[in-house]
Protein chains: 2
Amino acid sequence: MTRAPATNGPSTASDSRTWTIAQIADEFAITHRTVRHYEELDLITPERRGTVRIYHRRDRTRLNLILRGKRLGFPLEEIRTIINLYDEPRGQASQLSYVLDQINDRRGDLERRRRDIEDALKELDEFERRCKTDLRQLRREPQSPT
Amino acid sequence: MTRAPATNGPSTASDSRTWTIAQIADEFAITHRTVRHYEELDLITPERRGTVRIYHRRDRTRLNLILRGKRLGFPLEEIRTIINLYDEPRGQASQLSYVLDQINDRRGDLERRRRDIEDALKELDEFERRCKTDLRQLRREPQSPT
DNA sequence: CTTTACGTTGACGTTAACGTCAAGTAATAC
DNA sequence: GTATTACTTGACGTTAACGTCAACGTAAAG
């Protein structure tokens, strides 16, 4: 090893393990550039030990949310507002009801997507049935006169 | 009206209604540019009457699939291969089993997305519960000493 | 016959989400 | 010491999915 690993001891007090950018990139199967890009967009905010980045538990949680958001096709900007929602302080009732509104918006979006997916899956099943019927048909009359 | 509407009679024989680009763009709430872009990528292939584009039933079906694909966050290239799958001639058994493979790939992808969505919805519900608890708490102890 | 409304083809511009160098620093390995 | 290895900050390049002109064609309306 060339540099002291950021991963110190097997979980100290509550959970203060840390990770280097290489470990993060590796684990999440993304590039350093991507990790830094997410930081530029304020999606994650790693600690700085001098100039070098140190990633905490929180950063990993956020990365999981980010990547899932990406798999679902959300733009990074939107992902940011969503995951920030989970983190923002919500001491005031006004803030809380704002958050509750946002939650309902999000739910609507997700449910719509789920419907789209289920429709797509149904069509796929239907299409598969047709294909299989065709295939059985072909097996019955092996080849037409060439 | 300045130009003869492409929409002729209320469904002639089987279904030979046609539409202009303006009608298509309008109905699907997209721009002319977008419609032409999809054509450039071979996602739709409208008829040509001289230089002008005439859209048929088939184009509308495809547009619906395209837009759903987009809502689900698929890239246009991928969308093309998918909707072409539904259209390709599949006379040979080899082609059919290829298609059946593709179907399974697609299904896997869609099911994964569905899981992601359901996870996200669960987290959202959980988060909403916490927010609502907080809100009830706030109503009990209206404001802390300023 | 000119205007107008709708259509067409380029072709360059833009935004998001990174990729890809280049050049420098800093700790460890020898 | 010097060489590696990991990390850093620019900064320009790239791809997808259109946006946005500009310049032109054409049919119907006056």
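Because only heavy atoms are used, hydrogens play no part in the values below, and waters and symmetry mates are left out as well, while side chains stay in. Order of the sequence lines fixes the chain letters, A, B, ..., with proteins taken first and strands second; residue numbering starts at 1 for each chain.
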Quick test of your reading of the model: are [X] and [Y] salt-bridged, counting only N-O distances below 4.0 Å?
| X | Y | value |
| --- | --- | --- |
| Arg130(B) | Glu126(B) | yes |
| Arg62(A) | Asp59(A) | no |
| Arg68(A) | Asp116(B) | no |

Check your understanding: OP1 or OP2 of dC7(D) sitting under 4.0 Å from any side-chain N/O of Thr20(A)?
Key -> yes

Review point. Between atom CG of Asp26(B) and atom OG1 of Thr31(B), what is the distance when rounded to the nearest 0.5 Å?
Key: 11.5 Å

Starting at atom [atom1] of [X], determine the distance to atom [atom2] of [N], rounded to an integer number of angstrom.
| X | N | atom1 | atom2 | answer |
| --- | --- | --- | --- | --- |
| Ile66(B) | dC18(D) | CD1 | C1' | 14 Å |
| Gln23(B) | dC6(C) | CD | C1' | 12 Å |
| Asp26(A) | dT5(D) | CG | P | 17 Å |
| Glu47(A) | dC7(D) | CD | P | 15 Å |
| His32(B) | dA5(C) | NE2 | C1' | 11 Å |
| Trp19(A) | dC7(D) | CH2 | P | 15 Å |
| Leu63(A) | dC18(C) | CG | P | 11 Å |
| Arg48(B) | dG25(D) | CZ | C1' | 14 Å |

Protein N or O to nucleotides 11-17 of chain C N or O, pairs below 3.5 Å:
from    : atom 1 : to       : atom 2 : distance (Å)
dA17(C) : OP1    : Leu76(A) : N      : 2.7

Practice item. Report the residues that fulfil side-chain contact (heavy atoms from CB on, under 4.5 Å) with Asn64(B), sequence neighbours left out, ordered by chain and then residue number. Key: Phe28(B)

Point to revise | All side-chain contact (heavy atoms from CB on, under 4.5 Å) counterparts of Leu41(A), not counting sequence neighbours | key: His37(A), Leu43(A), Leu76(A)

Check your understanding: How about Glu27(A) and Arg60(A): do any of their side-chain heavy atoms sit closer than 4.5 Å?
Key -> yes

Revision key, fill the gap. Taken in chain and number order and not counting sequence neighbours, the residues that satisfy salt bridge (Lys or Arg N to Asp or Glu O under 4.0 Å) with Glu39(A) are Arg48(A), Arg53(A)

Check your understanding: What ring-ring contact (aromatic ring centres under 6.0 Å, His included) pairs are there with at least one residue in residues 74-124 of chain A, not counting sequence neighbours?
Key -> Tyr86(A)-Phe127(B)

Point to revise | Residue whose closest nucleotide on DNA chain C lies nearer the 5' end, Thr31(A) versus Thr51(A) | key: Thr31(A)

Revision key, fill the gap. Per-residue pairing states of DNA chain D in dot-bracket (Watson-Crick or G-U under 3.5 Å; . unpaired, | other strand) read ||||||||||||||||||||||||||||||

